[in-house]
K.L.:
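Would you mind keeping the following structure in view while I ask a few things?
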Amino acid sequence: LNDLCQISSQTQLLVEKMLSAPSTSQGGEGYWSTDDFLPEARRRMKARCEKLESCLNEAGIPHLTSDSGMFVWMDMREFLPLREGGDGSSAESQASIDKRERTLYLELLQKHGLLFTPGRSMKNELPGFFRCVFTAASDHEFDLGLERISKFVNEK
């Protein structure tokens, strides 16, 4: 509950000034933070999300449609390495599941330059789901990432 007490007074004053600055698009009426910044940020995030989802659809990668937030959950189970040993009739150990997801994670990162958050690290019970944050890159880096997703799928 004391998280706000850890922020310096100078930072609190700066943020207060940013949030209460007059709007530049409303002739000084309203606030920059809610009338200028937030609508533009929402527009940009929606456009990025739509572009990512379009790429995933074209690549045939199932995903959860995002209606808010800054990431999309992708279902990459079809790309998980095969189980080692066994005939598939017995239950798979958690260690085996974790190893297969980590192997795919490292392949995406090292071979294809794609950094996604493995679902297991986010307490997702199903292996092979990855979280793709679409707001943490420049436009060029984002477009490059989309190209790399397509290339990864085409190589499989």
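All residue numbers refer to positions in the sequence shown, counting from 1. Reckoned from all heavy atoms, side chains included, excluding hydrogens, waters and symmetry mates.
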K.L.:
Could you pull out all residues at least two apart from F142 that satisfy ring-ring contact (aromatic ring centres under 6.0 Å, His included)?
P.N.:
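F142 satisfies ring-ring contact (aromatic ring centres under 6.0 Å, His included) with no other residue.
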
K.L.:
Is the NZ or CZ atom of R131 positioned over F71's six-membered ring, under 6.0 angstrom from the centre and within 45° of the axis?
P.N.:
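Pair R131/F71 counts as cation-pi.
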
K.L.:
Taking side chain as C-beta onward, heavy atoms only, is S20 less than 4.5 Å from E16?
P.N.:
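Yes; the side chains approach each other to less than 4.5 Å.
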
K.L.:
Quick check: are there more than 12 heavy atoms from other residues, nucleotides or ligands sitting under 6.0 Å from CZ of R102?
P.N.:
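No.
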
K.L.:
Any side-chain heavy-atom pair from K151 and N154 closer than 4.5 angstrom?
P.N.:
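They are not in contact (no side-chain heavy atoms under 4.5 Å apart), so the answer is no.
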
K.L.:
Under the 3.5 angstrom rule, does the side chain of T103 hit a backbone N or O of K99 as a donor-acceptor pair?
P.N.:
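Between the backbone of K99 and the side chain of T103 there is a qualifying donor-acceptor contact (under 3.5 Å).
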
K.L.:
Establish whether M70 and L38 are linked, either directly or via other cluster members, by ILVMFWY side-chain heavy-atom contacts under 4.5 Å.
P.N.:
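No.
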
K.L.:
Kindly indicate whether the side chain of E78, heavy atoms from C-beta on, has any atom under 4.5 Å from the side chain of K156.
P.N.:
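The answer is no, as the side chains (C-beta and beyond) never meet within the 4.5 Å cut-off.
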
K.L.:
Any luck finding a side-chain donor-acceptor pair between T11 and S8 under 3.5 Å?
P.N.:
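Distance-only check passes for T11 and S8.
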
K.L.:
Quick check: does any side chain N or O of S121 sit under 3.5 Å from a backbone N or O of P118, one acting as donor and the other as acceptor?
P.N.:
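It does hold such a pair.
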
K.L.:
Under a 4.5 Å cut-off applied to non-hydrogen side-chain atoms, are F152 and E107 in contact?
P.N.:
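Yes. Closest side-chain heavy atoms under 4.5 Å.
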
K.L.:
Quick check on side chain to side chain contact (heavy atoms under 4.5 Å, CB included): which of V153, L146, I61 does L56 satisfy it with?
P.N.:
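It is I61; the other options fail the test.
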
K.L.:
For the residue pair R83 and I97, establish whether any side-chain heavy-atom pair is separated by less than 4.5 Å.
P.N.:
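Side-chain contact under 4.5 Å: no.
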
K.L.:
Judged by atom type as modelled, is there a donor-acceptor pair below 3.5 Å linking the side chain of R77 to the main-chain atoms of G128?
P.N.:
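The answer is no, because no donor-acceptor pair under 3.5 Å joins these two groups.
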
K.L.:
Of all residues at least two apart in sequence or in a different chain, which pass the ring-ring contact (aromatic ring centres under 6.0 Å, His included) check with F116?
P.N.:
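In terms of ring-ring contact (aromatic ring centres under 6.0 Å, His included), with neighbours along the sequence ignored, F116 is linked to no residue.
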
K.L.:
Using a strict threshold of under 4.0 Å (side-chain N to carboxylate O), is an ion pair present between E92 and R100?
P.N.:
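Salt bridge: yes.
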
K.L.:
For R120, run the side-chain hydrogen bond (donor to acceptor under 3.5 Å, both in side chains) check against E125, E101, Q94 and tell me which one passes.
P.N.:
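Result for side-chain hydrogen bond (donor to acceptor under 3.5 Å, both in side chains) with R120: Q94.
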
K.L.:
Contact between V72 and F130 at the side-chain level, heavy atoms closer than 4.5 Å - yes or no?
P.N.:
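Heavy-atom side-chain distance check fails, nothing below 4.5 Å.
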
K.L.:
Run through L52, D75, N57 and flag the one making a side chain to side chain contact (heavy atoms under 4.5 Å, CB included) with H63.
P.N.:
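Output: one option passes, namely N57.
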
K.L.:
Within the structure provided, determine whether M76 and L108 are in side-chain contact (heavy-atom separation under 4.5 Å).
P.N.:
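A side-chain contact under 4.5 Å exists here.
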
K.L.:
Does one hydrophobic cluster hold both L19 and F37, with members joined at side-chain heavy-atom distances below 4.5 Å?
P.N.:
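As far as the 4.5 Å side-chain criterion goes, F37 and L19 are not connected within one cluster.
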
K.L.:
Would you say that S54 contacts E58 through its side chain, given a criterion of any heavy-atom pair below 4.5 Å between the two side chains?
P.N.:
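Yes, side chains in contact.
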
